[in-house]
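Report on the following structure.
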Amino acid sequence: MTTTSPSSRCRRQGQRYHVRHNSSQLPLSAHVFATKCGKKFKTYVVEKGRVSEIAEWKDESQDASGVELTIRAFRNSNGDYVDEFGDVDGIAATSGS
């Protein structure tokens, strides 16, 4: 599998960058995804996860492109894979869960 790592494999030079693609396994990292549907928000937190697959796609009608990531989640300190946080009514909470 070809992978990229933004850490030591990415060397910045002004506005250009260099990413090395190789078969090294990516490190375990935390991943946070924020989503919105109407007025409601959800946040998904993967405390321990690894990017296992990367797929790039391009919209033919626009110049914008996207990247689809597959994250393999591992159990966190509470024994869970993913923590989901959200609001019920679209009004931001002022404290805690």
Side-chain angles (χ1 to χ4, degrees):
M1 180 170 117
T2 301
T3 59
T4 60
S5 173
S7 57
S8 62
R9 292 181 184 86
C10 183
R11 293 183 222 117
R12 293 199 176 270
Q13 301 171 345
Q15 293 297 316
R16 296 190 281 168
Y17 64 90
H18 173 222
V19 178
R20 297 175 65 199
H21 297 262
N22 57 51
S23 61
S24 297
Q25 189 173 54
L26 292 172
L28 287 175
S29 303
H31 303 273
V32 179
F33 303 95
T35 63
K36 180 181 177 188
C37 182
K39 292 184 177 183
K40 296 181 181 180
F41 294 90
K42 280 189 182 179
T43 301
Y44 299 93
V45 178
V46 178
E47 186 179 317
K48 292 181 182 179
R50 176 179 288 131
V51 175
S52 62
E53 198 172 319
I54 303 171
E56 189 171 344
W57 52 269
K58 184 167 181 150
D59 189 339
E60 293 181 22
S61 64
Q62 300 176 5
D63 290 335
S65 63
V67 176
E68 182 179 311
L69 299 176
T70 301
I71 307 289
R72 179 170 180 207
F74 298 87
R75 291 189 186 273
N76 63 21
S77 56
N78 294 324
D80 302 320
Y81 292 100
V82 178
D83 289 315
E84 178 182 325
F85 302 93
D87 62 72
V88 177
D89 53 10
I91 300 172
T94 55
S95 65
S97 55

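Small disclaimer: the values here were computed from a predicted structure and weren't measured.
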For this session: Flag the pair E84 / K42 as yes when at least one side-chain heavy-atom distance between them is below 4.5 Å, and no otherwise.
Result: yes

If I compare all heavy atoms of [X] with all of [Y], which pair ends up nearest, and what's the gap?
{"X": "R72", "Y": "S52", "result": "N-OG, 4.2 Å"}
{"X": "Y44", "Y": "T35", "result": "CE1-OG1, 4.0 Å"}
{"X": "H31", "Y": "V51", "result": "CE1-CG2, 4.0 Å"}

Could you state the interatomic distance from [atom1] ([X]) to [atom2] ([Y]), rounded to the nearest 0.5 Å?
{"X": "N78", "Y": "D83", "atom1": "CG", "atom2": "CG", "result": "6.5 Å"}
{"X": "D80", "Y": "E47", "atom1": "CG", "atom2": "CD", "result": "9.5 Å"}
{"X": "L26", "Y": "I54", "atom1": "CG", "atom2": "CD1", "result": "6.5 Å"}
{"X": "E53", "Y": "L69", "atom1": "CD", "atom2": "CG", "result": "10.0 Å"}
{"X": "R50", "Y": "L28", "atom1": "CZ", "atom2": "CG", "result": "4.0 Å"}

Exercise. Mind checking whether Y81 and F33 sit in one hydrophobic cluster, side chains of I, L, V, M, F, W, Y counted as touching below 4.5 Å?
Worked result: yes

Exercise. When clusters are formed by joining ILVMFWY residues with side-chain heavy atoms under 4.5 Å apart, either directly or through shared neighbours, do V82 and F74 land in the same one?
Worked result: no

